[in-house]
Amino acid sequence: MDYNFNEIEPKWQNYWREHHTYRCLNHSDKPHYYVLDMFPYPSGAGLHVGHPLGYIASDIFARYKRLRGFNVLHPMGYDAYGLPAEQYAIQTGQHPAITTERNIARYREQLDKLGFSFDWEREVRTCDPDYYKWTQWTFIQLFNHYYDKELDKARPISELVKRLESGSMPTESEKPWADMSEDERADYLMNYRLAYLADIPVNWCPELGTVLANDEVVNGLSVRGGYPVERKLMRQWSLRISAYAQRLVDGLEEVDWSDSLKEIQRNWIGRSEGAAVWFPLDVKSNANVLPGAQAYISQCDPQPVPSFEIFTTRPDTIFGVTFMVLCPEHELIDSITTPEQRAEVEAYVTWAKNRSERERQAEVKKVSGVFTGAYAINPLTEERIPIWVSDYVLAGYGTGAIMAVPAHDSRDFAFARHFNLPIRQVVSTDPHQLTDPATWTESLDSKTGYSVNSGFVTGMKVKDAMAAVIDKIEEMGIGHRTVNFRLRDAIFSRQRYWGEPFPVYYKNGRPCTIPVECLPLRLPEVSDFKPTSTGEPPLGHATRWAWDEKNRCVVENSKIDGQTVFPLELSTMPGFAGSSGYYLRYMDPRNDQAYFSPEAVNYWQNVDLYVGGAEHGTGHLIYARFWNKFLFDMGLSVKQEPFQKLVNQGMIQGRSSFVYRSKEDNNLFLSKNIPGREDTTVPIHVDINIVNNDILDIEKFRQWRPEFADARFELEDGKYVCGWEIEKMSKSMYNVQNPDDLVARYGADTLRLYEMFLGPVEQAKPWDTNGIEGVFRFLKKFWKLSESCTDSPADKDQLKLMHQTVKKITDDIERFSFNTSVSTFMISVNDLLAKGSVSKEVMECLAILIAPFAPHIAEEVYHHLGHGTSVCDAQWPAYDETMLVQDTFTYPVSFNGKMRFTLDLPNGISQQDAIAAVKSDGRSQRWFDGKEPKRIIFVPNKIINIVV
RNA sequence: GCGGAUAUGGCGUAAUUGGUAGCCGCGCCAGACUUAGGAUCUGGUUCUUCACGGAGUGGGGGUUCGAGUCCCCCUAUCCGCACCA
């Protein structure tokens, strides 16, 4: 009988469904293992071959772990909130819930065809009220907690209030807690809450009508849609993720992730050590502006002399400071600018503030700035230093003010050159050979070398000078060691419809959270998905969108009276809200009393293996780690890190095919290798589905589009050969490979094996179906082998091969090297086929080994061997080490490192015997020539080398 | 600019981690069986050479009896960050 995958695959998929084969329980005597895929956003385009790559890899591992006797949690769900469904709704009026539902159904159908071992009873959807109830719940917890820096963990905000009330903790502002009004206290606490409302500069995207997080903006354009993004001051919800910056860096030490991804996260968090230093203003020249400056200074640090704070990672270069720079947003500018400079400064500040993010980033190389007319004093040299304003200093980092050392910082160098400011060298790799900085073409930024012209640190190594300067400024009381992070708080509001509503209402303008017992706060129906005419987010269209505090329910917003009925928040949460804790919800997805039960989380702990794309390195993977750490602080999650091991599957690129149309004759197409083709034709993208092994199906091409109906061809060897190129997978290039077509043609098992055979899972690679036939052929051979099964016991050769295969496959899976596993299967099956027949016991072993990779055929073969149960319940075969040992080993024998001949020697032979055997071999005489060898190297089971 | 990764036949890749480079598959060549083949099977296939032989893992140097693998310097490609002081 032929290998009929069309019959086998649906049959076993039904079997699994009916028998709940993949149902997973939260209790078992077996050890537990949690394998997770990054859940997909169900887009309208359906799955392409890139999606399943990671799913297949994780499915192989999940199935393998199960066969190894683990209780495996392997769930799947949908990240169902998001912009595309909403954009589609705006264009068509179709409710996002309907399109999302439809897309999910399509995804599910496609996923089912691939034979995954997901426990669908645990499915979650972020847009499901039973799910987003807990997203909202977590938000309320974030709102009600602050970060205690001493204990280094989140604590209830009520604890903070208690400490403030008792006076055991003074407020950080000049006003004591007791003297504050209720509003002042609320504002004060808002500075501590982990979810807080603040006026912050945000990435505003007019086209999408929403703000975006930093990781959702690339080069000043939105990731979704590529629309321009502006900088704008808005009142927004944010998550105080920066409070966790240090722990997010430290946690990377504990996890088993690729070095490159860890590095991406470290760069994004951007920890840098340095010093905060207060530079006093030059009181004499600034006498007229002192009152304003004084007010600013009192906020920073009470200093006897008016001064302002800067941050530097190079305190050792403080002797080389020749000017200071403030960012255009700096609060001090207004009060220190001299009357002569005021007009110029104000013009510059206005210009800088109105510049779009895109312009600013595009013109990074252009130097701009303006002198304030004010001076600061270098606290170590007591020199008078001019204070400038420039947009190369960023408001969001450090204190928005820097000490400029043009000799040793390339940006300061460019600024100094542009405005003709002095440059003073204070670091040199060779202190005895100083050159005039005026002749330099670039600054010396390197941290290797010695301090020069630097007072008491002159002659020290840079590293020592850094420490010495910090010690000095700490001693003088004008600064201290400090750490700065690049990581900003995450903006959590989106002015969109299709997202989780905030469980927040506004009482006299002050935000209050709705009681947790009233969750979920359901997303209301709206008449229009666009912003309102007054510029409110789409929720402004909802008629039923006000909170009745007394009756604890949502009511018509016409009833807002400011007494018991209050307006609800109109923004919704961003995409990463729902995806930040879904892995925990899978542990206990139907629990309506809690996010997840303590029993469930204590059993599963955290995700053992997480598979997904590296593009989430600075988004989801940071937010989820933050979310988990917060829940850890609350005593809910039990591990600091959510994802123990992480594998990033490589991107699958498209492989576009081309036909070559003659420039003269629009109906004439030349095959790729026809001489002169390059100059006389233009390449045209052609649908990859009508090309096989780069050979064009001419008939299908003529039918493909009306304009090609009369196409004529110039062939080579009777075939039309297409050209190809690696491009992004995209509809417009006709290179999107849809897995359903391949499943229909070759079956899911072939597709699964082939996607793995393509190369290492982690590696990016072009999709190319040219080799799929080979894998299909292999499965047909595997099928044929199973039919040649006999009852006679396996001979020694077969047993040896079996044990070798078990060992190799086991090792390959453990190292996540699935491409080599497929090769191993091919070799074993070829060997066994060559022997003519195979014993039942060996065949059964092979069926179990291949079950993670090709589950359908494995089930069928296992069933044919007389088993009444699923191969999923089988036991992974063990291998016998003694069976792997060969009787003899073929040693390469080399003389002076040059391979000369091979010698079969018994295994476990001693060094003396081996050498004696080599010496007595006739071929050795040629090199020994009667002499004693200088040195003999014998490595058991490896090599014999003789130096003569 | 900073950080990370990668580089092996015509192509995708492999190499027990320092031990005969090129496993497995695609493609190609030859043959068998076929009315036929985009089916199946067998053999061959790094380059060069009629052959003996020689060369060979992006380039150059080094360590070693021995290097695709370790070290140093280049080059190219990909990815991440990018005025982060």
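The chains referred to below are lettered A, B, ... by the order of the sequence lines, with proteins before strands, and numbering in each begins at 1.
- Comparing B/A14 with B/U6, their P atoms sit 12 Å apart, to the nearest whole Å.
- The side chain of A/Met826 sits closest to B/C24 out of B/C24, B/A39, B/A15.
- As rounded to whole Å, 16 Å separates atom P of B/C11 from atom CG of A/Leu758.
- Under 4.0 angstrom from either OP1 or OP2 of B/A85 there lies at least one side-chain N or O belonging to A/Ser272.
- The aromatic rings of A/Phe311 and A/Tyr397 stand perpendicular to each other, their planes meeting at an angle above 60°, with 30° marking the opposite boundary.
- Using N1 to N3 plus N6-O4 or O6-N4 for Watson-Crick, or N1-O2 and O6-N3 for G-U wobble, each under 3.5 Å, B/G38 pairs with nothing.
- For B/G9, the O4'-C1' to base torsion is within 90° of 0; the nucleotide is therefore syn.
- Across all strands shown, B/G43 forms a Watson-Crick or G-U wobble pair, both distances under 3.5 Å, with B/C29.
- In this structure, A/Arg266 reaches neither bases nor backbone, as no heavy-atom distance under 4.0 Å exists between it and the strands shown.
- Residue A/Leu833 contributes atom CG, which lies 9 Å from atom P of B/C41 at whole-angstrom precision.
- Taking the side chain of A/Val393 as heavy atoms from C-beta on, and the options B/G25, B/A85, B/C26, the nearest nucleotide is B/A85.
- At a cut-off of 3.5 Å, with distance as the only test, no side-chain donor of A/Ser443 or A/Asp409 sits close to an acceptor on the other residue.
- To the nearest whole angstrom, the two P atoms, one in B/C26 and one in B/A39, are 11 Å apart.
- For B/G12, the paired nucleotide is B/C24, the pair qualifying as Watson-Crick or G-U wobble because both relevant distances are below 3.5 Å.
- Nucleic acid contact for A/Ile827: sugar-phosphate only, since backbone atoms but no base atoms lie under 4.0 Å from a heavy atom of the residue.
- At whole-Å resolution of the value, CH2 in A/Trp767 and C1' in B/C11 are 16 Å apart.
- B/U16 takes the anti form, because its glycosidic angle lies more than 90° either side of 0.
- For A/Glu773 and A/Tyr746, the side-chain atoms include at least one donor-acceptor pair closer than 3.5 Å.
- With a cut-off of 3.5 Å on both Watson-Crick or G-U wobble distances, the partner of B/A76 is given as B/U6.
- In this structure, CD of A/Gln265 is placed 20 Å from P of B/C79, rounded to the nearest angstrom.
- Taking atom CG of A/Asp391 as the reference point, atom C1' of B/A85 lies 14 Å away to the nearest angstrom.
- Distances shorter than 4.0 Å separate some side-chain N or O of A/Lys780 from OP1 or OP2 on B/U40.
- Between A/Ile264 and A/Lys366, the one whose closest nucleotide on RNA chain B sits nearer the 5' end is A/Ile264.
- Comment: A/Arg745 does not engage A/Asp741 in a salt bridge, judged by the lack of any side-chain N to carboxylate O separation of less than 4.0 angstrom.
- Listed candidates were B/G38, B/A15, B/C81. Nearest to the side chain of A/Thr820 is B/A15.
- Ring geometry, A/Phe853 versus A/Phe825: the interplanar angle exceeds 60°, so the pair is classed perpendicular (tilted spans 30 to 60°).
- The A/Arg486 side chain lies nearest to B/C81 when the options are B/C81, B/G38, B/C24.
- Nucleic acid contact for A/Lys262: none, since no nucleic acid atom lies under 4.0 Å from a heavy atom of the residue.
- Judged purely by distance below 3.5 Å, without hydrogens or angles, the side chains of A/Thr805 and A/Ser828 pair a donor atom with an acceptor atom.
- In this structure, the CZ atom of A/Phe778 is 19 Å from the P atom of B/A39, given to the nearest Å.
- In this structure, A/Arg625 forms a cation-pi arrangement with A/Trp257, its terminal cationic atom sitting closer than 6.0 Å to the ring centre and no more than 45° off the ring axis.
- An OP1 or OP2 oxygen of B/G25 is reached within less than 4.0 angstrom by no side-chain nitrogen or oxygen of A/Asn819.
- B/G59 and B/A51 have their P atoms separated by 26 Å, given to the nearest Å.
- Nucleotides B/C65 and B/G1 are separated by 45 Å at their C1' atoms, to the nearest Å.
- Each of A/Val775 and A/Glu263 has a nearest nucleotide on RNA chain B; the 5'-most of these lies closest to A/Glu263.
- With C1' as the reference atom, B/G22 and B/C47 are 13 Å apart, rounded to whole Å.
- For B/G19 and B/G4, the P atoms lie 27 Å apart once the distance is rounded to whole Å.
- Counting non-hydrogen atoms under 4.0 angstrom, A/Arg271 reaches nothing in the nucleic acid.
- Nucleotide B/G1 forms a Watson-Crick or G-U wobble pair with B/C81, both donor-acceptor distances falling under 3.5 Å.
- When the P atom is used for both B/G37 and B/C79, the distance is 45 Å, rounded to whole Å.
- In this structure, A/His480 and A/Trp278 have tilted ring planes: the angle between them lies in the 30° to 60° band.
- The side chain of A/Asn830 lies closest to B/C24 when the candidates are B/C24, B/G4, B/A85.
- In this structure B/C65 sits in a base pair with B/G19, meeting the Watson-Crick or G-U test at under 3.5 Å.
- Closest contact between the side chain of A/Asp409 and the listed nucleotides B/A85, B/C24, B/G38 involves B/A85.
- Regarding A/Trp268, its CH2 atom lies at a distance of 17 Å from the P atom of B/C79, rounded to whole Å.
- Distance noted for atom P between B/C50 and B/C33: 33 Å (whole Å).
- Here the C1' atom of nucleotide B/C2 and the CG atom of A/Asn267 are 8 Å apart, to the nearest Å.
- Residue contacts for A/Pro760: at a heavy-atom cut-off of 4.0 Å it reaches the sugar-phosphate backbone alone, with no base atom in range.
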